Amino acid sequence: MKFGKFLQASRVKGWEECYLDYKRLVKAIKAECGSLEDVSQPLSYEGFNEEFNKQIESVNEHFASRMQDVEERAESLLTDAFRMHESRSMVSLDPESIVKLRKYHGETLQVALREVYQDCLTMKQVCSINFTGFVKALKKFHKRCGDASSGSVFQNSTSLRQQHFYKGMAHLDTVADRIEQCYATHFKNGDVDAAQRSLRHIRRLGLESHLTLGIFLGACLCLLAVILWLSAYSPAKDICPFCTKAITANLPVYRILFIPLLWLWCWSGLCFIWKEISLNYPYILSINPYTELGYERGSKLAAYASLILLADFALFLASVRTGYEPFGIPVSYYPLAFLIFLVLAMFAPRGVFYYKSRTYFYISLSRIVVAPFGPEVRFVDNYIADVLTSMAIFLRDVDYTTRFYGTGAFRHIGKHKKQKGLELSAPIITALPYWFRLQQCVRRFYDSGPGNPDRKVHLLNACKYLASLSATCLAAVGNYTSVDFEHLETWTLGRSIWFSVLCISTLYAYLWDVLMDWGLFETKMNGGRCFRWQLRSKRLYHHTAFYYWALLSNFFGRVAWALTITPRGVLNGIPPPVSTTLLAVVELLRRAQWSLLRLENEYLSNSAHYRSVKDVPMLLDVATYGEEASTNKEGQLVWGIGGSLKLGNYMHRSLCDLPVPQQSLDGRIADGWMRVMMLGWYLVLLGPAIEFRSWKCLYGRSEQGIYLQQLLRELQ
């Protein structure tokens with residue numbers, strides 16, 4: 001998202017006059033540099049410097065008036081808080097009246113302190129955004145007008161930090177600290193951290209959201225118990241497709257459904273943690289704060305999808321174990337049904353399944369693919385490409401699934417031979433994300449220009465991905481899938497070279513994570529003679545042990561990652577389907593932990609220099625859009641005979657972006673699309689479940705089932 005759009009999206013209602021007019025500054029730059037197309041309508045000012053100074057005067061004026069109001073209100077409230085706890089002003093009252101009066105004044109004072117504290121945070125965010133806008137305008141002016149403007153740009157940028165609105169941010173911190181101390185003393189027993197949480201009033205999941213997540217997660221736990229029980233259930237038939245080979249053949253299909261779902265849970269957790277520490281991730285990742293998925297909507301979507309996936313897998317496993325196909329549905333059709341549902345959701349029309357979030361993701365993917373020749377690389381493109389490198393197993397499973405259903409192999413499970421095309425496509429698919437990331441490094445190396453010290457960093461980063469690509473190519477050529485230390489004497493020269501390159505690549509990636517991506521250590525002079533390495537002093541996460549845990553766990557995670565970049569890489573002693581799934585899970589969890597420290601480093605130091613300004617605006621609590629269930633009568637959870645239909649309607653309303661009343665054409669299309677998809681899932685999931693309701697159908701084909709039926713008759 002460009003800064004102009006971000007500024008428009010970040011405006012706080014009631015504070016519009018306090019922001020700079022970034023569009024007028026851009027127009028002034030175009031007019032002065034001779035690139036304005038329509039010169040028939042001259043602007044009302046002579047040049048960029050005049051408009052720049054006019055904007056600064058306006059910002060300073062509004063800041064001074066707001067600052068005076070906040071100071072007066074804060075002083076008045078702090079005085080009231082001191083007087084409230086003095087007994088001398090209430091001598092004439094009885095003790096019970098004093099307690100009631102203090103309670104009433106305390107509740108009123110808490111609300112007033114929150115309002116003043118929120119105004120302090122809002123003013124600080126406005127000042128930070130204005131400073132960022134002014135610096136970006138100066139750099140844009142210098143870039144458009146060339147060296148002739150360097151003198152005025154340097155003069156303006158030097159005086160910018162001397163302006164009243166910029167210096168006032170330090171005074172705002174002082175006022176906020178006094179409010180925190182007062183609130184902690186009178187209402188939180190001296191706990192400043194608790195006072196900060198209460199004053200910031202961070203928006204959390206409401207009762208309705210907690211109830212919804214609890215219902216779906218509870219249902220997921222029940223389905224997990226059913227799946228575990230079915231896994232231990234003895235197969236009723238020994239012939240395919242009711243055999244273990246059917247589970248092995250369909251497991252990669254379920255993996256391409258499970259891996260994105262796991263990352264959605266991880267992303268929801270990341271958003272929650274970043275909001276807890278007030279890390280402005282929408283600004284860093286160029287996300288519109290009003291349309292982002294966030295932790296609330298992301299967790300809801302993940303809960304819905306988890307319930308559907310587990311129900312689908314439970315029906316698939318029950319069909320395989322019992323040897324019964326309800327309605328004659330083949331076992332391989334269960335994962336195919338969810339796959340079709342996922343494809344429909346990915347390409348749903350406007351208004352369904354967070355259309356703006358999906359569009360934003362697709363645009364970022366297109367920028368990653370055309371990185372060498374497209375627009376300049378942004379941090380969000382870098383981040384998504386890094387996440388894609390952790391999904392090599394997912395991409396290989398997509399290729400397998402396409403061949404599995406495209407060639408009709410799902411109809412002949414246990415009879416078809418291993419697909420030979422996978423031996424060629426697996427290395428290429430594994431290498432693609434690293435190739436895209438390498439191209440981004442090359443593009444940033446080119447954009448840096450001669451003489452820029454960042455060029456060496458981009459070159460070293462490109463070498464890291466070259467090492468990963470080399471390990472993948474060597475594994476593909478030698479058909480190496482695992483490391484067998486028990487038979488070292490049988491290792492060939494090729495296997496030894498591959499293992500050496502793999503170790504170098506793993507160690508290279510680990511050190512780059514710790515030193516460059518996380519910036520976890522800093523050097524300090526020890527007695528003026530030598531450097532001493534220590535954990536960096538600027539940290540957002542409160543527990544120091546987390547950073548040391550990240551150092552240790554990331555090393556073992558990188559060791560597991562080394563097998564993910566190896567086509568068909570598996571762990572010795574573990575069945576290949578299980579080991580592949582385990583490696584995919586470990587790598588995604590490692591990437592989620594990496595994201596916590598990567599964005600923290602980018603937020604604190606602008607380490608990769610993606611931002612032209614180091615300062616990041618504060619993260620304010622943005623209320624999510626869309627109707628809540630508490631105000632949505634059609635989406636209430638109604639139990640009874642029609643409870644499931646009401647719950648499905650709630651899912652339908654929650655997954656649609658558009659409000660239902662007075663829908664436009666897009667809204668009616670989205671509504672119809674969603675109803676068709678929900679109806680299809682009722683038929684796919686509820687129909688076979690009804691067929692499995694009979695004990696005879698589920699148990700009558702095995703000795704355990706006969707014994708259980710006899711036991712039930714005796715109990716009756």
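Worth saying up front: this structure is predicted, and the values here are computed from it rather than measured.
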More than 12 non-hydrogen atoms from neighbouring residues, nucleotides or ligands closer than 6.0 Å to [atom1] on [X], yes or no?
| X | atom1 | result |
| --- | --- | --- |
| Trp265 | CH2 | yes |
| Phe556 | CZ | no |
| Trp549 | CH2 | no |

Between [X] and [Y], a side-chain donor and acceptor under 3.5 Å:
| X | Y | answer |
| --- | --- | --- |
| Asp454 | Ser448 | no |
| Arg437 | Tyr465 | yes |
| Asn250 | Tyr334 | no |
| Ser332 | Tyr405 | no |
| Ser605 | Asn601 | yes |

Exercise for the section: Return the set of residues passing ring-ring contact (aromatic ring centres under 6.0 Å, His included) with Trp561 (not counting sequence neighbours), or none when no residue passes. Expected result: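 Per chain and number, Trp561 pairs via ring-ring contact (aromatic ring centres under 6.0 Å, His included) with no residue.
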
Close side-chain approach of [X] to [Y], heavy-atom, < 4.5 Å:
| X | Y | answer |
| --- | --- | --- |
| Tyr295 | Lys275 | yes |
| Leu599 | Leu285 | yes |
| Tyr254 | Phe258 | no |
| Tyr541 | Glu600 | yes |
| Phe216 | Ser306 | no |
| Val380 | Arg367 | no |
| Leu596 | Ile273 | yes |
| Tyr510 | Val514 | yes |

Out of curiosity, [X] [atom1] to [Y] [atom2], how far, rounded to the nearest 0.5 Å?
| X | Y | atom1 | atom2 | value |
| --- | --- | --- | --- | --- |
| Leu469 | Leu432 | CG | CG | 9.5 Å |
| Glu522 | Ser537 | CD | OG | 4.0 Å |
| Gln593 | Leu588 | CD | CG | 13.0 Å |
| Leu217 | Leu307 | CG | CG | 9.5 Å |
| Leu309 | Leu342 | CG | CG | 10.0 Å |
| Leu310 | Leu317 | CG | CG | 11.5 Å |

Can you see which heavy atom on [X] is nearest to which on [Y], and at what distance?
| X | Y | result |
| --- | --- | --- |
| Pro335 | Phe316 | CD-CD1, 4.4 Å |
| Leu438 | Ala462 | CD1-O, 3.4 Å |
| Ile256 | Pro260 | O-CD, 3.1 Å |
| Thr430 | Pro567 | OG1-CG, 4.3 Å |
| Asp517 | Lys464 | OD2-NZ, 4.4 Å |
| Ala584 | Ile393 | N-CD1, 3.7 Å |

Check whether any side-chain N or O of [X] sits under 3.5 Å from a backbone N or O of [Y] as a donor-acceptor pair, and report yes or no.
| X | Y | value |
| --- | --- | --- |
| Ser366 | Ile363 | yes |
| Thr566 | Ala562 | yes |
| Gln534 | Phe521 | no |
| Asn452 | Gly449 | no |

Problem - Cation-pi, Tyr547 ring and Arg539 (6.0 angstrom, 45 degrees) - result: yes

Exercise for the section: Taking the six-membered ring of Phe445 (Phe, Tyr or Trp), confirm whether the NZ or CZ of Arg455 is under 6.0 Å from its centre and within 45° of its axis. Expected result: yes

Practice task
Go through the steps to decide whether Asp381 and Arg378 satisfy the test salt bridge (charged side-chain N to carboxylate O under 4.0 Å, His left out), and finish with yes or no.
Solution key: CA-CA 5 Å; Asp381 305 329; Arg378 305 176 302 173; 3.5 Å; yes

Exercise for the section: Carefully, step by step, assess Leu589 and Cys266 under the rule side-chain contact (heavy atoms from CB on, under 4.5 Å). Expected result: CA-CA 7 Å; Leu589 295 178; Cys266 292; 4.1 Å; yes

Practice task
Identify which one of Phe379, Trp274, Phe272 satisfies the ring-ring contact (aromatic ring centres under 6.0 Å, His included) criterion when paired with Tyr281.
Solution key: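 So, applying the ring-ring contact (aromatic ring centres under 6.0 Å, His included) to Tyr281 and each of Phe379, Trp274, Phe272, only Trp274 qualifies.
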
Fill in the blank from the handout: Quick note, salt bridge (charged side-chain N to carboxylate O under 4.0 Å, His left out) partners involving residues 579-592, not counting sequence neighbours, are Asp513-Arg590, Glu587-Arg590

What pairs with [X] under side-chain contact (heavy atoms from CB on, under 4.5 Å), at least two apart in sequence or on another chain?
| X | value |
| --- | --- |
| Leu460 | Tyr508, Trp512 |
| Pro433 | Leu388, Thr389, Leu395 |
| Ile574 | Leu571, Val578, Ser579 |

Problem - Residues Ser357, Glu292; criterion side chain to side chain donor-acceptor pair (under 3.5 Å); working and verdict - result: CA-CA 6 Å; Ser357 299; Glu292 61 142 343; over 6 Å; no

Practice task
Could you label the plane-to-plane angle of the Phe404 and Tyr400 rings as parallel, tilted or perpendicular, counting under 30° as parallel and over 60° as perpendicular?
Solution key: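 The arrangement is parallel - the two ring planes meet at less than 30°.
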
Exercise for the section: Show your working on side-chain contact (heavy atoms from CB on, under 4.5 Å) between Glu296 and Ser268 and close with a plain yes or no. Expected result: CA-CA 7 Å; Glu296 182 173 346; Ser268 302; over 6 Å; no

Handout entry: Sidechain N-carboxylate O distance under 4.0 Å for Arg444, Asp447
Key =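 Salt bridge absent between Arg444 and Asp447.
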
Quiz: residues 495-503 side-chain donor-acceptor pairs under 3.5 angstrom, not counting sequence neighbours:
from   : atom 1 : to     : atom 2 : distance (Å)
Arg495 : NH1    : Ser482 : O      : 3.0
Ser496 : OG     : Thr492 : O      : 3.0
Ser500 : OG     : Ser496 : O      : 2.8

Handout entry: side-chain contact (heavy atoms from CB on, under 4.5 Å) assessment of Leu597 paired with Phe546
Key = CA-CA 10 Å; Leu597 296 170; Phe546 167 70; 3.7 Å; yes

Problem - Working for side chain to side chain donor-acceptor pair (under 3.5 Å), residues Arg443 and Gln440 - result: CA-CA 5 Å; Arg443 175 60 188 269; Gln440 288 181 339; over 6 Å; no

Practice task
Decide side-chain contact (heavy atoms from CB on, under 4.5 Å) for Glu602 and Tyr610; before the verdict, give the C-alpha distance in whole Å, the side-chain angles of both, and the deciding distance to 0.1 Å.
Solution key: CA-CA 9 Å; Glu602 190 67 21; Tyr610 280 101; 4.1 Å; yes

